[in-house]
Each structure stands twice: as structure tokens, then as C-alpha cells.
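Let me begin by presenting the structure, written as C-alpha cells, before commenting on it.
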Amino acid sequence: MQLAFVIPNYNHTAAISETLANLAVFKRDCYLVDDGSNDETRYLLQQLAKQYHWVHLLHHPYNRGKGAAVITGLRAAYEDGFTHALQIDADGQHDLNDIPTFIDTAQQAPHAVISGQPQYDDSIPKGRLYGRYLTHFWVWVETLSLNIKDAMCGFRVYPLQATESLFLSQSLGERMDFDIEILVKLHWQGIEVKHIPTRVIYPEEGSSHFQAFRDNVRISALHTRLFFGMLKRLPSRLHKTTPINANKIKKSNSKHWSSVGERGSYWGIKLLALCYRYGGHWLCRAIMYPVILYFFITGKTARQASIDFLQQVKLAYPDNSKLPSTPGWLESLQHFFSFGHAALDRLDAWCDRIPPEKIDFPESDVLATHMAQGQGAVLLVSHLGNLELCRAISVTHRNAKVNVMVMTQHAENFNNILKQLNPSSALNLIQVTELGPSTSILLQEKIEAGELVVIAGDRTSLGSEGRVIYTPFMQKQAPFPSGPFVLAGLLDCPIYTMFCLKEHDRYHVHITPFNTKLKGPRKERTVRLQQAVNEYSQLLENHAKRQPLQWFNFYDFWRNDNQTQRRSSSKSQVNENRTSSK
């Protein structure tokens with residue numbers, strides 16, 4: 001690897017002498033580009049080039065911009081036979097002590113871009129800091145990945161053959177938009193980006209050529225171009241992700257939905273909540289659409305599950321006007337966007353921003369009369385429509401203490417943020433991995449205290465594999481967990497089903513008493529459970545066929561849990577036999 005330094009300079013005089021003095025120990029060539037500086041700076045650079053024989057001074061007759069200066073330096077280094085170039089700013093912001101780390105990393109990954117990931121102190125202007133976060137988000141959208149952690153840091157090692165190929169094929173921005181554009185487009189070409197944490201400061205005596213209005217407009221225009229560039233590449237990207245290895249399909253299908261890691265982070269959800277709090281719907285939607293698009297493109301399993309579900313609905317109900325004759329990826333994308341809109345509805349409900357006149361709750365007296373007597377109840381819900389909206393309506397309009405059973409941590413991040421938006425809510429999350437005696441005792445106390453217990457009856461848990469009840473759903477046998485219905489019977493209290501669907505910009509809450517009696521002789525429990533699951537499945541199907549795009553189970557709902565349990569048991573038995581033989 002032959003590496004040189006590249007330093008763009010426009011009227012930076014305070015730090016450049018010290019920067020070059022510190023670089024002398026590395027004994028490497030340096031391409032110092034004077035980007036049309038004033039006379040004072042130009043004379044200083046000429047003196048420094050005479051003082052250091054390894055400095056190659058290049059001139060622009062007028063100021064063309066930081067990007068143009070970097071391009072000039074990179075191309076000059078490439079023409080002189082160098083394979084890599086380390087870009088360094090001339091204003092003293094970068095910690096040159098990290099250069100050995102950059103070089104070592106570049107030697108280990110010679111085809112990658114090695115980029116600094118800034119670690120700022122209090123010297124950074126807050127406006128610049130917040131602006132970087134917005135750029136991070138758009139870069140993730142434009143690359144459909146989280147591989148680029150910072151696209152604005154000008155402290156990075158370039159593989160010069162890749163940059164030269166890019167310069168020959170495309171024109172890039174020549175000013176403050178350059179650092180972002182070149183990194184995104186190199187990523188598009190398949191160049192890996194590695195990041196190294198590095199300290200970045202804003203010296204008190206330093207000067208910045210960042211023009212707040214012009215450069216922000218320029219960067220916004222760049223993100224617009226890159227976004228549409230990403231859309232242009234979208235068909236080929238989807239085409240490449242369509243073929244799936246058969247072994248991967250088998251492996252994916254054998255993995256239970258609740259064992260799959262949560263896609264999204266606490267801070268990502270918190271960012272959405274902050275945008276909602278300070279920017280309202282318009283800012284949340286601006287962020288939501290590209291994020292949903294990213295998950296749609298990269299989430300092959302969820303995308304296929306969405307298409308399978310919509311096609312099964314159309315097969316079961318050919319006259320369904322909500323779907324075309326053959327639902328495909330376009331309807332699946334609408335399905336994903338429907339999930340995003342439901343998330344905003346949850347925030348609206350939690351912040352009391354849904355006016356009562358937009359909520360149709362014809363059976364509200366049923367639950368209100370019951371709770372006025374101080375009795376608790378079980379609400380059997382599902383992941384159809386807006387489960388969180390049901391919770392919020394229960395809290396806001398009935399002043400009830402609501403306990404929600406959470407079988408995994410998948411929803412906990414979102415609910416923690418909701419609690420922060422409305423700390424006075426009476427929602428209590430009860431996270432369990434398996435429905436056992438201790439859970440039953442805890443919930444019995446809640447019921448006796450006159451509280452509501454919310455249980456979703458449509459998802460099996462990882463611990464309930466094999467302990468399911470099969471019943472027809474959309475003309476196919478689907479597994480439903482037996483645990484929620486067993487638990488509801490043990491609590492010995494009134495049971496209701498609750499669904500909330502959005503229709504014509506209004507929210508329709510449906511709450512009905514559960515007809516099947518779950519308490520009775522033990523020998524008849526199997527029959528009672530089958531009847532209960534049949535009733536629940538029929539209610540779920542009736543609502544799902546009306547609003548199929550509000551179905552938010554993005555996994556293979558008809559997956560055979562019993563077969564997976566047998567595969568897992570066989571594998572465990574094989575491992576035990578191997579252990580015994582050893």
C-alpha cells in the first residue's frame with residue numbers, strides 16, 4: 001500500500017503550519033491544495049512547500065470549493081502511483097494521533113474506505129451537531145443500510161482506484177456536499193466503509209467556511225438527488241433480493257417469530273417520539289416513509305409474509321374490494337405503510353390528540369357498566385388494527401388500570417417511549433416468557449383489584465411451541481396459542497374481545513362479550529379450549545377481511561408449530577445421543 005496525505009486549504013493559516021509539522025514524522029508525501037486562497041495564505045503555503053520537500057503544492061486559480069480541492073489532490077496522488085490517500089482538514093479539527101490507526105486499518109482492508117467517526121467535545125456548534133444527525137438519517141435511507149455511521153467527517157482514507165473510477169463515471173459536488181456524496185456513491189458501488197472513532201474539536205481561533213444557508217440548501221438538494229437515485233436503483237435491488245437460497249428459507253421458516261431480534265433500536269424510536277413532540281405529524285411522516293421503505297426492501301421475510309397473507313385473504317374472499325385480483329409487492333408496500341400510520345395513531349392516542357368525535361365506541365357501556373361495579377375483566381385482543389390505541393382508549397376514557405401481557409421484548413421499546421410521552425398513564429406492562437402459575441397468581445390479584453388484563457390471543461410464543469390449537473383461519477389451518485385461553489379461564493372473570501380498526505379516517509372500537517365459557521370440568525377443558533379458539537379465530541377473520549392492510553403479523557401466520565417442535569426435539573435427542581456416546 002502506497003499512501004499519501006491530501007489536505008484542502010482555503011484561507012486557513014492558523015493551524016496549517018502545526019499540522020504539517022506533525023505530519024513530518026510519518027515521512028509520506030502530502031498533496032496540499034490551495035483552493036484560491038488570499039495572498040497571505042498563498043505565500044504561507046509556498047513557504048511551507050519549500051520547507052518540506054515531501055509537500056506537493058497544487059493551486060486553484062479561484063475558490064472552487066472543498067470538494068473540488070479534495071478531488072484535485074486525490075487524482076494527483078493517483079496519477080503519481082499512490083494506491084491510497086488520507087484526507088485531512090487544514091483547520092486543526094482532526095486528531096493526528098489517530099493516523100497510525102487509520103493506516104493500519106487501511107492495510108487490513110485495502111479495498112475499503114476508512115472513515116473517522118467523530119467524538120465531539122463541547123466546542124461543536126449545536127446547529128452543526130443537530131444537522132449531522134439529520135444527514136445520518138438520510139444517508140441510511142439513501143444507502144438502505146446502517147453501514148455509514150458518519151458521512152460528513154473529512155478525516156478518511158480513500159482507495160484511489162475506486163475513487164478514480166467514480167470520478168471518471170460521474171460528476172460530484174465540489175463544495176461541502178462532497179464528503180457525503182462520495183461516500184454514498186462509493187457505497188453504491190459496493191465499497192465497504194469502516195469507521196474509526198476519533199476526537200474532533202472546533203478550535204476557538206479556527207475559521208469555518210461552512211455557510212449555514214447556502215450549504216444547508218446545497219446538502220438538502222444533494223439528499224434529494226441521492227434519494228431519487230436510490231429509488232432508481234430500487235428495482236434492481238429488489239430483483240437481487242428476490243431469489244432466496246432454499247436452505248436459508250428452510251432455516252428461516254424453522255425459526256420462531258418471537259426468537260427473531262427486534263428490528264430497530266431504542267434511540268431510533270426515541271428520535272421518532274422527539275420528532276412527534278416538536279415537529280408533529282409532518283416531521284414524523286417525513287422520517288417514517290423512507291424508514292418504512294428501508295425495512296420493506298431489506299426485510300425479505302416480513303415482505304413475503306405480507307404478500308402471502310394478502311393473497312390468502314383474496315383467495316378466501318375473492319370479492320374483497322380492498323385488494324386486487326393478485327396482491328403483490330405494491331400492495332405489500334401499502335401494507336408496510338399502513339403499519340407506519342398505525343404507529344403515528346398510537347402516538348396520537350397516547351398524547352390525547354384524537355378527538356372523541358372521531359372514535360366510534362358503540363359498546364362502551366358494556367365495559368363501563370361492568371367496571372363501575374369494581375370488577376376486573378380480561379380483554380382478548382390481537383395484532384389487527386391498533387392494539388395500542390385500544391389501550392389508550394381504555395386508559396383515557398374509562399380511567400381504568402390496564403395490565404398488558406407482553407410475551408417478548410419486541411414491543412417494549414415502543415411502549416417505554418409512550419410512557420415518556422404520557423407519564424400519567426395507568427398502563428402497566430407485564431413481560432413474561434411463559435404463562436405459568438406465578439403469572440396466574442399475579443393476574444388474579446389484578447382482577448380482584450378491579451383492573452383490566454389485556455392478552456393477545458393471535459401469537460404463539462417461543463415457549464409455547466407445540467402447545468397450540470389449530471383452527472381454520474382464512475381457509476387454512478392456523479396455530480393459535482392455548483395459553484391465553486387457559487389463563488383467561490383460570491382467572492374466572494368476564495372475558496371480552498376488543499378490536500380497533502380505522503375506517504374512513506375514523507376509529508371504530510368493537511368490544512363484545514366472549515361467548516365460550518372457559519371455566520368447567522377439567523375433563524372437558526380440551527373441548528372448551530377448541531371452541532374458544534374457534535370463536536376467537538372467526539371474530540379475528542371477520543375483522544381482518546374488512547381491513548386486511550391493518551393486519552400487523554409480519555411472519556408466516558400458518559406456520560406449523562408442531563412440526564418445528566418435532567424438529568427441535570429430534571435435534572435435541574441427537575445431541576443427547578452424541579453426548580452420551582462421548
Side-chain angles (χ1 to χ4, degrees), residues 238 241-264 292 295-317 320 323 326-336 338-339 342 381-385 387 407-411 456-484 533-534 536-538 540-541 543-545 547-571:
L238 283 174
T241 60
T242 300
I244 304 176
N245 183 279
N247 292 330
K248 289 184 178 180
I249 293 179
K250 185 176 181 181
K251 183 178 180 181
S252 174
N253 289 341
S254 66
K255 183 181 290 188
H256 195 274
W257 73 267
S258 59
S259 67
V260 179
E262 183 175 8
R263 301 193 71 206
I292 293 293
F295 282 114
F296 173 76
I297 294 170
T298 60
K300 293 182 290 187
T301 301
R303 187 173 67 242
Q304 189 59 52
S306 166
I307 295 174
D308 290 345
F309 172 78
L310 298 179
Q311 290 180 348
Q312 188 62 37
V313 173
K314 192 64 177 180
L315 180 64
Y317 297 95
N320 193 310
L323 299 172
T326 307
W329 71 266
L330 183 59
E331 288 70 35
S332 179
L333 179 59
Q334 294 174 345
H335 194 185
F336 274 64
S338 175
F339 176 77
V381 297
S382 69
H383 295 83
L384 171 72
L387 174 60
M407 297 301 295
T408 71
Q409 296 181 354
H410 282 55
D458 58 337
R459 287 186 181 178
T460 60
S461 69
L462 187 61
S464 69
E465 285 191 274
R467 295 198 294 268
V468 299
I469 298 174
Y470 285 86
T471 193
F473 179 75
M474 299 291 178
Q475 296 186 354
K476 287 179 65 176
Q477 291 291 316
F480 286 82
S482 60
V533 171
N534 292 346
Y536 176 83
S537 173
Q538 188 59 53
L540 183 63
E541 180 172 331
H543 289 293
K545 70 180 181 182
Q547 296 294 335
L549 295 182
Q550 295 183 40
W551 173 266
F552 301 136
N553 286 313
F554 290 95
Y555 66 95
D556 182 7
F557 191 75
W558 292 274
R559 169 184 173 276
N560 192 316
D561 275 40
N562 288 329
Q563 289 183 358
T564 302
Q565 186 194 39
R566 285 195 294 269
R567 286 195 297 266
S568 300
S569 299
S570 299
K571 185 175 181 180

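Just so you know, these numbers come straight off a predicted model, no measurement behind them.
Judged by distance alone, with hydrogens and angles left aside, the side-chain atoms of R303 form a donor-acceptor pair with the main-chain N or O of I297 at under 3.5 Å. Side-chain atoms of K314 do not come within 3.5 Å of backbone N or O of T326 as any donor-acceptor pair. Put simply, the side chain of S482 never gets that close to the backbone of I469: no donor and acceptor are under 3.5 Å apart. A distance-only check finds no donor-acceptor pair linking the side chain of Q304 to the backbone of T301 [under 3.5 Å].
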Report the C-alpha separation of W558 and Y470 in whole Å, then their side-chain angles, then the decisive distance to 0.1 Å, and conclude whether the side chain to side chain contact (heavy atoms under 4.5 Å, CB included) test is met.
-> CA-CA 9 Å; W558 292 274; Y470 285 86; over 6 Å; no
What's the verdict on side chain to side chain contact (heavy atoms under 4.5 Å, CB included) for L540 and L384, showing C-alpha distance, side-chain angles and the deciding distance?
-> CA-CA 8 Å; L540 183 63; L384 171 72; 4.1 Å; yes
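If you look at F309 and Y555, their ring centroids are not closer than 6.0 Å.
The two residues I307 and P327 have their closest heavy-atom pair at CG2-O, 4.0 Å.
For T471, the side-chain hydrogen bond (donor to acceptor under 3.5 Å, both in side chains) criterion is met by N534, not counting sequence neighbours. With sequence neighbours left out, the side-chain hydrogen bond (donor to acceptor under 3.5 Å, both in side chains) criterion links S382 to no other residue. Residues satisfying the side-chain hydrogen bond (donor to acceptor under 3.5 Å, both in side chains) criterion with Q547, sequence neighbours excluded, are Q550. Considering only residues two or more places apart in sequence or on other chains, L315 meets the side chain to side chain contact (heavy atoms under 4.5 Å, CB included) condition with Q312. Partners of A456 by side chain to side chain contact (heavy atoms under 4.5 Å, CB included), not counting sequence neighbours, listed by chain and number: V381, H383, D458. Not counting sequence neighbours, Q475 has no partner by the side-chain hydrogen bond (donor to acceptor under 3.5 Å, both in side chains) test.
Atom CE of M474 is separated from atom OH of Y317 by 5.5 Å, given to the nearest 0.5 angstrom. Taken to the nearest 0.5 Å, the NE2 atom of H543 stands 10.5 Å off from the NZ atom of K545. Annotation: the span from S306 atom OG to N553 atom CG amounts to 11.5 Å, rounded to 0.5 Å. For the atom pair CH2 (W551) and OG (S338), the distance works out to 13.5 Å, reported to the nearest 0.5 Å. In this structure, the separation between OH on Y536 and CD on E541 is 13.0 Å, given to the nearest 0.5 Å. The distance from atom CZ of F295 to atom CZ of F554, rounded to the nearest 0.5 Å, is 12.0 Å.
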